[in-house]
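Okay, so here's the structure we're looking at.
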2 protein chains.
Amino acid sequence: MGKSICPRFEKAIGLLSQRWTGLIVYQLLPGPQRFCSIESSIGISGRVLSERLKDLESEGIVNREVFPETPVRIEYSLTDKGRSLEPLMREMEKWSQNWLEA
Amino acid sequence: MGKSICPRFEKAIGLLSQRWTGLIVYQLLPGPQRFCSIESSIGISGRVLSERLKDLESEGIVNREVFPETPVRIEYSLTDKGRSLEPLMREMEKWSQNWLEA
DNA sequence: TATACTAACTTACGTAAAGTAACCAACTAA
DNA sequence: TTAGTTGGTTACTTTACGTAAGTTAGTATA
């Protein structure tokens, strides 16, 4: 009954508590990457990566750019909204360094 | 192949990208809460809440204390490790305020 | 001409995680 | 004796995810 949580916060945590979403954003922080590169670097399946990238694009967090080369190159990058998640990611890095063991 | 992500970071993001984990921690930030209170405040099912609280306890993030009253009262609270997630939660709050619509 | 190669997906199918609802144990109050 | 409380668990259904094969478009090779 006492659902007193801010709906914006709930949406944010809903986004980032979806499997892989955080890692995809983290992986794009240094710069644009293509599909196969993200796929192999974080170990996600192509099926789910495709799904996540569409979600993130529709949320305005990720941008998709097509380069009609051969074979086609498609680059995914963070929008301003996506890059603004960097402080959060840095906090996560800090926490993991301070509180988790190697 | 290029799995260059720090294993500690991967573990952290693995924890927080499990559904409900973030909301449970967030809900415990102000202080101890009992099972039914967490359940109703975030809208999680009892089955999964029970599962998550066990996980979080075994990760040293949440503490479980039994008060043998009638009916029994069980309080869940954050450990130091759990409370250390507060900066991350605050960043999430900030981001949601700045970038998501109501 | 036919076969093969690449990137970026999509489809079909099986397994794992989560939601729903009913039930249980222990204790007390009516 | 019946009912009510908290903090669960169990059985079952639905949704999410993983795996592997197939698709499309545009070359390049034999």
Side-chain angles (χ1 to χ4, degrees), chain A residues 1-3 5 10-28 31-59 61-78, chain B residues 1-3 5 10-28 31-59 61-78:
Chain A
M1 306 255 163
K3 288 216 189 190
I5 294 174
E10 241 182 313
K11 164 128 199 194
I13 215 162
L15 273 170
L16 290 165
S17 73
Q18 253 190 107
R19 195 164 191 188
W20 301 114
T21 304
L23 271 180
I24 293 169
V25 169
Y26 184 75
Q27 198 64 21
L28 291 178
Q33 298 232 356
R34 45 207 303 191
F35 191 92
C36 60
S37 155
I38 303 174
E39 195 177 9
S40 64
S41 62
I42 67 178
I44 189 179
S45 71
R47 200 193 68 78
V48 177
L49 179 55
S50 166
E51 206 174 283
R52 286 293 177 280
L53 287 170
K54 274 181 200 159
D55 292 351
L56 288 169
E57 210 190 334
S58 78
E59 293 291 344
I61 291 170
V62 158
N63 189 266
R64 180 181 191 269
E65 195 174 0
V66 181
F67 298 85
E69 306 171 352
T70 291
V72 66
R73 179 165 57 104
I74 295 176
E75 281 193 354
Y76 294 92
S77 57
L78 294 177
Chain B
M1 307 263 162
K3 290 216 185 188
I5 295 174
E10 243 183 310
K11 164 125 201 196
I13 215 162
L15 273 171
L16 290 165
S17 73
Q18 250 188 94
R19 196 163 191 187
W20 300 114
T21 304
L23 271 181
I24 293 170
V25 169
Y26 184 75
Q27 198 64 22
L28 292 177
Q33 299 231 356
R34 45 206 303 190
F35 192 92
C36 60
S37 158
I38 303 174
E39 195 176 8
S40 63
S41 63
I42 66 178
I44 189 178
S45 70
R47 201 192 67 79
V48 177
L49 179 55
S50 165
E51 205 174 283
R52 285 294 177 279
L53 287 171
K54 275 181 200 160
D55 291 352
L56 288 168
E57 211 191 332
S58 79
E59 292 290 344
I61 291 171
V62 159
N63 189 266
R64 182 181 190 267
E65 194 173 1
V66 181
F67 298 86
E69 306 170 351
T70 292
V72 67
R73 179 164 58 101
I74 294 175
E75 281 193 353
Y76 293 92
S77 57
L78 293 177

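Reckoned from all heavy atoms, side chains included, excluding hydrogens, waters and symmetry mates. So you know, we letter chains A, B, ... as the sequences are listed, proteins then strands, and number each from 1. Not measured: the values here are computed from a predicted model.
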query: If you pin A:Arg64 and B:Gln18 to their nearest nucleotides in DNA chain C, which one's is more 5'?
result: A:Arg64

Whole Å only: how far is the [atom1] atom of [X] from the [atom2] atom of [N]?
X: B:Phe35; N: D:dG8; atom1: CZ; atom2: P; result: 6 Å
X: B:Arg19; N: D:dT15; atom1: CZ; atom2: P; result: 12 Å
X: A:Glu39; N: C:dT10; atom1: CD; atom2: P; result: 12 Å
X: B:Ile74; N: D:dT6; atom1: CD1; atom2: C1'; result: 8 Å
X: A:Ile44; N: D:dC17; atom1: CD1; atom2: P; result: 9 Å
X: A:Glu69; N: D:dG26; atom1: CD; atom2: C1'; result: 12 Å
X: B:Gln33; N: D:dT6; atom1: CD; atom2: P; result: 14 Å
X: B:Arg34; N: D:dG7; atom1: CZ; atom2: P; result: 4 Å

query: For residues 49-57 of chain B, which residues have at least one heavy atom under 4.0 Å from DNA chain D?
result: B:Ser50, B:Lys54

[atom2] on [Y] to [atom1] on [X], rounded to 0.5 Å:
X: B:Gln27; Y: B:Tyr76; atom1: CD; atom2: OH; result: 15.0 Å
X: A:Leu78; Y: A:Ile61; atom1: CG; atom2: CD1; result: 9.0 Å
X: A:Leu15; Y: B:Ser17; atom1: CG; atom2: OG; result: 12.5 Å

Side-chain donor or acceptor of [X] paired with backbone N/O of [Y] under 3.5 Å:
X: B:Arg64; Y: B:Lys54; value: no
X: A:Ser41; Y: A:Ser37; value: yes
X: B:Arg52; Y: B:Arg19; value: yes
X: A:Ser40; Y: A:Cys36; value: yes

B:Thr70 or B:Tyr76, whichever maps to the more 5' nucleotide of DNA chain D: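 The 5'-side residue here is B:Thr70.
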
- prompt: Reckon B:Phe67 touches a base, only the sugar-phosphate, or nothing at all at heavy-atom distances under 4.0 Å?
  reply: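 Result for B:Phe67 = nothing.
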
field: Shortest side-chain distance from B:Arg47, nucleotide among D:dA11, D:dC17, C:dA7
entry: D:dA11

